[in-house]
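Computed over heavy atoms, backbone and side chain alike; hydrogens, waters and symmetry mates excluded. Counting starts at 1 for both ligands and their atoms, following the listed order.
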Amino acid sequence: MTAAPVAGRRPRVMGVVNVTPDSFSDGGRLASVEAALAHALALDAAGADILDVGGESTRPGAEPVSASAEIDRTLPLITALRPLTRRRLSIDTCKPEVAKAAVTAGADIWNDVTALAAPGAPDLAARLGCDVVLMHMQGEPRTMQAAPRYDDVLAEVAAFLEARAAVALAAGVARERIWLDPGIGFGKTLEHNLALLAGLPALVALGYPILLGASRKRFIAAIGPGGRDPGDRLGGSVAAALAGARAGVAAVRVHDVAETVQALEVQAAILAAEGVSPAR
Ligand code: HH2
């Protein structure tokens, strides 16, 4: 998918459906397939273009889960959801077994916060023929926020993403199937996150669609005021999504779909009325 920014157009919205007991903002809420399905359909009705199903939390300090546990959490939802929506479905996993099961059950996108680092992942992505999201992370979720360090965060993230795209291409993933994501909050301080948000135009210039996931993340509370509880970070989440749209990102990954869609539509309409492309 490519999304050249055009005046009056807005990024796609990817709605988060976490079927995890421990996600940082909504863990444990969608413990049953019924609850998860109802939530996914509500996000669909609220205007989500993509529904991103995740069965393992990547929050700082989260404990890993086995592939079979992750499949048990996500597959019943994807199987139930597939015939009920025309939206694109995405599986948020770093495990090839989970991605394979999800895509076989009808998922369209493999969203991998490790950028296909698992052995055999790039080859599998090519074989599955699905879209892939390659995200940057420094370290691993359990420890990534301990002491993130970069000399030039924007340049290093851009170089990493280009290198992972090259690996995917070499394995046979089609160019138009590759998305890149700077990984806001994944081994990054507030300053790193802000440098990446300010530098989004440079990432867009890499020529791949960019996915931005800033929704409810901790950096919002670090800027303040308020937002100690992830559910109280709506204003900051929307501000980040709007900044992403102005920079020309292809999609934003969010928890609050209706509010984000409304904000993006209003910003796009204002920019169109001004005769300004959202990319500028
Ligand atoms: N952020 C989270 C999870 N997956 N995938 C991409 N591509 N980009 C992101 O920024 C991203 C992601 C973390 O958010 P959430 O899913 O709400 O929490 P948890 O990982 O605790 O389930």
Side-chain angles (χ1 to χ4, degrees), residues 1 11-31 36 39-40 43 48 50-65 69-70 73-74 77 88-95 98-99 102 107-117 125 130-138 140-142 144-145 157 160-161 164-165 178-188 192-193 196-197 200 203 208-220 229-231 233-234 236-237 240-241 244 249-257 260:
M1 163 178 161
R12 305 296 94 201
V13 171
M14 174 187 268
V16 178
V17 187
N18 280 325
V19 278
T20 51
D22 57 347
S23 283
F24 77 95
S25 81
D26 52 5
R29 223 162 46 80
L30 305 177
H39 182 64
L43 296 187
I50 306 162
L51 298 166
D52 187 39
V53 175
E56 178 178 34
S57 174
T58 51
R59 77 184 155 77
E63 287 302 326
V65 298
E70 217 180 306
R73 288 176 185 175
T74 54
L77 173 59
R88 304 187 83 203
L89 300 183
S90 139
I91 178 72
D92 185 354
T93 187
C94 55
K95 298 190 185 70
V98 180
D108 307 287
I109 303 170
W110 179 356
N111 173 22
D112 187 350
V113 299
T114 68
L116 302 178
C130 58
D131 282 19
V132 289
V133 179
L134 307 176
M135 198 198 78
H136 176 273
M137 164 163 45
Q138 185 178 86
E140 42 131 340
R142 226 157 33 78
M144 66 190 177
Q145 288 306 111
V157 167
F160 171 87
L161 293 175
R164 295 311 296 169
I178 299 175
W179 306 46
L180 305 179
D181 182 334
I184 298 297
F186 284 83
K188 280 128 193 153
H192 298 145
N193 288 318
L196 289 170
L197 287 165
L200 283 172
L203 299 181
Y208 294 91
I210 299 294
L211 172 66
L212 177 68
S215 178
R216 297 189 183 179
K217 287 189 177 167
R218 220 192 298 188
F219 81 95
I220 294 168
D229 187 274
R233 297 173 188 164
L234 175 59
S237 303
V249 304
V252 289
R253 181 182 182 276
V254 305
H255 300 82
D256 302 288
V257 169
T260 307

Spatial distance of atom [atom1] ([X]) from atom [atom2] ([Y]) [nearest 0.5 Å]:
X	Y	atom1	atom2	answer
T58	F186	OG1	CZ	3.5 Å
F160	Q138	CZ	CD	10.5 Å
D112	I91	CG	CD1	10.5 Å

Interfacing atoms of ligand 1 (cut-off 4.0 Å, heavy-atom, [X]):
X	value
V113	4 (N), 5 (N), 12 (C)
D92	3 (C), 4 (N), 12 (C)
N111	5 (N), 6 (C), 7 (N)
R59	20 (O), 21 (O)
L211	7 (N)
N18	15 (P), 16 (O), 17 (O), 18 (O), 22 (O)
V133	7 (N)

Is any N or O atom of E56, backbone or side chain, closer than 3.5 Å to an N or O atom of ligand 1?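 Checking ligand 1 against E56, no N or O pair falls under 3.5 Å apart.
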Taking the side chain as everything from C-beta on, heavy atoms only, tell me whether D256 gets closer than 4.5 Å to R216.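 Sidechains of R216 and D256: in contact.
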Minimum side-chain heavy-atom gap R88-M14 below 4.5 Å: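 No - every pair of side-chain heavy atoms lies 4.5 Å or more apart.
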Among residues at least two apart in sequence or on other chains, which ones pass side chain to side chain donor-acceptor pair (under 3.5 Å) with D181?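 Side chain to side chain donor-acceptor pair (under 3.5 Å) list for D181, sorted by chain: empty.
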Can you figure out which of M14, R253, M135, H255 has its heavy atom closest to atom 2 (C) of ligand 1?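 It is R253 that holds the nearest heavy atom.
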Minimum heavy-atom distance H255-S215, with the two atoms named: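 Result for this residue pair: ND1-OG, 2.7 Å.
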